[in-house]
Every structure is written in C-alpha cells, then in structure tokens.
2 protein chains.
Amino acid sequence: MTVDGTAARGRTRIQQEKREVILEAALDVFSTHGFRGSTIDQIAEAAGMSKPNLLYYFRRKEDIHETLMHRLLDTWLAPLKELDNIGDPLTELRSYIRRKLEMARDYPRESRLFANEILQGAPRIMPMLEGELKTLVDEKVEVMKGWMRAGKIARTDPWHLIFAIWATTQHYADFDVQVRAVLGPDRGGEGRFEDAARFLEQLFLDGIRPKS
Amino acid sequence: MTVDGTAARGRTRIQQEKREVILEAALDVFSTHGFRGSTIDQIAEAAGMSKPNLLYYFRRKEDIHETLMHRLLDTWLAPLKELDNIGDPLTELRSYIRRKLEMARDYPRESRLFANEILQGAPRIMPMLEGELKTLVDEKVEVMKGWMRAGKIARTDPWHLIFAIWATTQHYADFDVQVRAVLGPDRGGEGRFEDAARFLEQLFLDGIRPKS
DNA sequence: CAATTTTTTGACCGATTGGACAAACGTTAG
DNA sequence: CTAACGTTTGTCCAATCGGTCAAAAAATTG
C-alpha cells in the first residue's frame, strides 16, 4: 500500500514526518531550480532517501509541488488579509510593509518558489490568481479607497500601491544574490533588512522629494 | 565546418541572420522555462529548423544562453548609465524610472530571462554582478549622495532606492501574469503601464502620506 | 513466537535529453 | 562541367528523466 496523497486521513506519525522531510527538501530544490529544472533524484537525495522510497510517499513529482504551493499560498496571503481598517491607516500600511519584508527575510525559499511559478506563466495556480487573490485584492482596494476619501492617505492608485509593496519587499528574497553582490561584503550582511525596512518606510510615506 | 561561437569574425550574412533567428527563438523559450527547463528541440522548433541544424550555428545549449545574457546585460544597464548629474536630480530620477518601466513594457522577455538567472542563484553571471554591476551602482550611489548633500533630494539610502526602482519597474514584466490577473480584464489592458507610470512617479516623489 | 502490514530498495522500463556524425544537399568559383 | 565549400538532415548514442514493480526488510499485531 502506498501513501495516498489526497487527504491527511489515516496517516501515521511516521508518514507525516517523512512527508514533512520530503517537502522541506523539495522546497530547497524547487525554489532554486524551478519545477522542470528539478529532478526527483535531487529531492530524494536532499531528503536522505532513495527515489522509490520518496515515490512511496508522493506518487508523482507534481504532487509534491502541488502540496508545497497550496501550503505556501495560505501563509503568503495572510499578511494582506490582516490589513483592515480598524487601526490608523498609515500605521496599518507600515505594518503590512514590515510583515511582508519579514516574510522575505524569514521565508525566502517560499518567495522564490512563488516567483518561479509566476515567471513561468503561473500554469499551475492561474485559477487561484484570478479567483482568491483577485477577490482579496479587490476587497483591500476598497478599504484603501475609503482611507483616501477620508483623507487618511494620499489619493493614488490602490492596485499599483499593492504591487509596489509586493515588488519592493519580495525583491529582497527573489533577487537576494544580486542585492548582496551589489551591497558588497560590508553592507550586505544581515543588517540589510534593517536598512531596507527604514528606507521603505520613508519611501512609502514621504517619497524622496526634499522637504521644502 | 561549423560556425564558431567565439567571435563575429568571418561570418557570412546568412550565418548572422540564422543566428539571429535562433537567439530570438531562444529568448522566447529561455525566458519562460529557465535554462534547465528549456530544451534544444523547443528552441529549434521555435526557430523553424532541425536540432542538428541549430547545433551547427551554436555548438552547445549553453552557448546560446551565454550569448543571450551578454547581449541582455549591455542594454539592461544602459538606463542606469545614463543617469548623471547634469540635469535636475528629481527630473533625472523620474526619467530613469520611466525608462526602466518602458523597458519592462517593451522587453519583458529580457527581464524574465534576467530574473530567471538571478532566482537560480546567478550561477552564470555572478562575476558580472560583483564586478561591473557593483561598480556602476557604487558610482551612481555617489551621484545620489551628492544630490542629498546639496538638498536636491531627501536624505535616504541610495542603494535601497536603486533596488526599489528596479523592483517596482521590473515587477510589471516578471510578474505580468499576476498583475493582469489581479487587475482583471477591464483594468488589465495596455493602459496598465500608464497607470503604473503615474503611480510610481507619485510614490517616489511624495509617498502616500496625505498633504497636511 | 508467527502472521500481517508497512516501509525500503535494487533492478528495470520507456521516453526524453544534449549532442555527435556522416551523408546528402545546395551554392559558388574556376 | 567539376571541385570545393557551406548548409541541412536522418540517424544514432550515452546519460538522464519520471515512474513501476517485485521482493526484501522492518515494524506492528496477534
């Protein structure tokens, strides 16, 4: 009997753990080589088991990727879901930017896995982009429009504001090697996330026009 | 005799043209599937020739990719090179942002090719990142520091300002499918680049804090 | 202990991969 | 015309790919 990939029903503790080990290894491999560029052998070796053994837990290569993507998307949209109009708008947006930047710092592999998928045309998650994601963004856009009408933030395009937050924060995960190469050994240490946080806060709040 | 891939010396007009067709096809394939995810057969079919015929013009798959990358990098750094302290600083930065956004609109495949390479750890262009690119950025950082000292732009981190410009503009090429999915059919047309240009100008100049 | 079930592995398979090669084809110069 | 050269293709190859399968090994159950 092989381990069914459909539901978590009837799975032993050992099975759960092994599947976890595989997913951890697959995240490493997929995030740096993309789906087609990754091989089952690579993942199996990274997971410390033989290829047939890995295929005992996940019947197909695609099943691993799909499980990984589903998990990723839940945690990925969490920060945006938390954005609501309870607190002060500027504080809310600052918190959102900070949370997204922390995710780029703490979960760079997940960010790159997502970036790989989008770069290749999102063949496996297109329905989710047009469905769940679009719905969520539309909802938050309305929140922002309310803030603009109330004069709490400047009038601008809320869609592109969200894009800009995504782009600037995820850049530190997806283009990490470029960021570190350009900053050099001295400025490219762990402090770069602190610098980025300070800069982004200033950029999004006040831009770079000098105070008159 | 096969066509040597080293120099353009002694190449007939036919050879130049065929190599151009191959590079054009390879740009399509590499930019959407990455290096490992692309096959010579795919490129050959897209170029309208047989695989051995393609290998007559480029001896190895890597040679095509390398040629493509070298060409890309020249045009890619051009906008930043043009940034100098002759004109008004704010105008210069606005122009740079606009040029980068136009490149994302007009050369999305080149942007995705570059993004794919960086995402996978930049195995083939790391020396260039630490050399040519870093040198150029360091130079422009000094220009910006001069602008800050002169009070022409707000004091902030010039490195991360450059990163932010790169991230926000390239986002419209690299994450194009996501942008279009979120904007929907009505807002996702060609006008999205106009909207993005307007938004980015406002963001970088004044941020989103409401005018008091 | 023995019986049963779960886990692991070596061997294998057909398909695809990047690439080699000689033969065939086309073109041009003498 | 023929000889030389540049171009194209069919065929082939070793390596690697995703995946199967039967049997061994280990764990669990009675």
Side-chain angles (χ1 to χ4, degrees), chain A residues 1-23 25-26 28-30 32-69 116 120 123-124, chain B residues 1-23 25-26 28-30 32-69 116 120 123-124:
Chain A
M1 177 76 87
T2 69
V3 177
D4 191 7
T6 52
R9 181 181 53 190
R11 221 173 260 151
T12 72
R13 185 181 54 84
I14 299 255
Q15 283 169 355
Q16 289 279 16
E17 283 175 6
K18 293 270 179 164
R19 281 174 65 94
E20 220 55 46
V21 170
I22 292 171
L23 289 171
D28 260 5
V29 178
F30 279 140
T32 51
H33 298 102
F35 181 76
R36 279 216 55 191
S38 305
T39 72
I40 299 184
D41 293 272
Q42 274 180 301
I43 302 172
E45 193 192 333
M49 63 181 71
S50 66
K51 180 170 68 171
N53 196 192
L54 182 149
L55 287 167
Y56 168 73
Y57 291 103
F58 289 90
R59 310 231 307 247
R60 293 179 306 153
K61 179 186 175 184
E62 235 188 315
D63 291 349
I64 311 176
H65 192 265
E66 194 184 319
T67 305
L68 231 35
M69 287 302 274
N116 256 307
Q120 296 173 9
R124 280 167 273 270
Chain B
M1 175 77 87
T2 70
V3 177
D4 192 6
T6 52
R9 182 181 50 189
R11 222 172 257 149
T12 73
R13 187 180 52 85
I14 299 253
Q15 285 169 354
Q16 288 281 14
E17 284 175 8
K18 293 268 180 166
R19 282 172 64 93
E20 220 55 47
V21 171
I22 292 171
L23 290 171
D28 259 7
V29 178
F30 279 141
T32 53
H33 297 102
F35 181 76
R36 279 218 52 191
S38 305
T39 71
I40 299 184
D41 293 274
Q42 273 180 301
I43 301 171
E45 192 192 334
M49 63 181 70
S50 65
K51 181 169 68 169
N53 197 189
L54 182 147
L55 286 168
Y56 169 72
Y57 292 103
F58 289 91
R59 310 229 310 241
R60 292 180 305 152
K61 178 185 175 185
E62 234 187 315
D63 291 349
I64 311 175
H65 191 265
E66 195 185 317
T67 305
L68 231 36
M69 287 302 275
N116 255 308
Q120 296 172 10
R124 279 168 273 269

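Atom set for the values below is all heavy atoms of this structure, side chains included, hydrogens, waters and symmetry mates excluded. Residue numbers start from 1 in every chain, and the chains themselves are labelled A, B, ... in the order their sequence lines are given, proteins ahead of strands.
Below 30°, between 30° and 60°, or above 60°: for A:H65 and A:F35 the angle between ring planes is above 60°, a perpendicular geometry.
A:R36 places its CZ atom 11 Å from the P atom of C:dT16, with the value rounded to the nearest Å. What separates CG of A:D63 from P of D:dG18 is a distance of 14 Å, to the nearest Å. Spacing between atom NZ of A:K61 and atom P of C:dT16 amounts to 14 Å, rounded to whole angstrom units. Here the C1' atom of nucleotide D:dT7 and the CZ atom of B:R19 are 15 Å apart, to the nearest Å. Atoms CZ (B:F58) and P (D:dT7) sit 14 Å apart, rounded to a whole Å. One can place CD1 of B:I40 at 14 Å from C1' of D:dC13, the figure rounded to the nearest angstrom. Rounded to an integer number of Å, the gap from CD of B:E45 to C1' of D:dT9 is 16 Å. One can place CG of B:D41 at 14 Å from C1' of D:dT9, the figure rounded to the nearest angstrom.
Note: B:L68 CG to B:I22 CD1 = 11.5 Å, rounded to the nearest 0.5 Å. The line from CG of B:N116 to CD of A:Q120 is 6.0 Å long, rounded to the nearest 0.5 Å. For the atom pair OH of B:Y57 and CG of B:L23, the computed distance is 12.5 Å after rounding to the nearest 0.5 Å.
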Please write out the pairs of protein N or O atoms and N or O atoms of nucleotides 8-11 of chain C separated by less than 3.5 Å, giving the distance to one decimal.
{"residue": "C:dT8", "atom": "OP1", "partner": "A:K18", "partner atom": "NZ", "Å": "2.7"}
{"residue": "C:dT8", "atom": "OP2", "partner": "A:N53", "partner atom": "OD1", "Å": "3.4"}
{"residue": "C:dT8", "atom": "OP2", "partner": "A:N53", "partner atom": "ND2", "Å": "3.2"}
{"residue": "C:dT8", "atom": "OP2", "partner": "A:Y57", "partner atom": "OH", "Å": "2.5"}
{"residue": "C:dT8", "atom": "O5'", "partner": "A:N53", "partner atom": "OD1", "Å": "3.2"}
{"residue": "C:dT9", "atom": "OP2", "partner": "A:S50", "partner atom": "OG", "Å": "3.2"}

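Considering only side-chain N and O atoms, B:Q15 lies under 4.0 angstrom from the phosphate OP1 or OP2 of D:dT7.
For B:E17, the side-chain contact (heavy atoms from CB on, under 4.5 Å) partners at least two apart in sequence or on another chain are B:R13.
Applying the salt bridge (Lys or Arg N to Asp or Glu O under 4.0 Å) rule to pairs touching residues 36-54 of chain A yields A:D41-A:K51, sequence neighbours excluded.
In this structure, the nucleotide among C:dT6, C:dG19, D:dG19 sitting nearest to the side chain of A:L55 is D:dG19.
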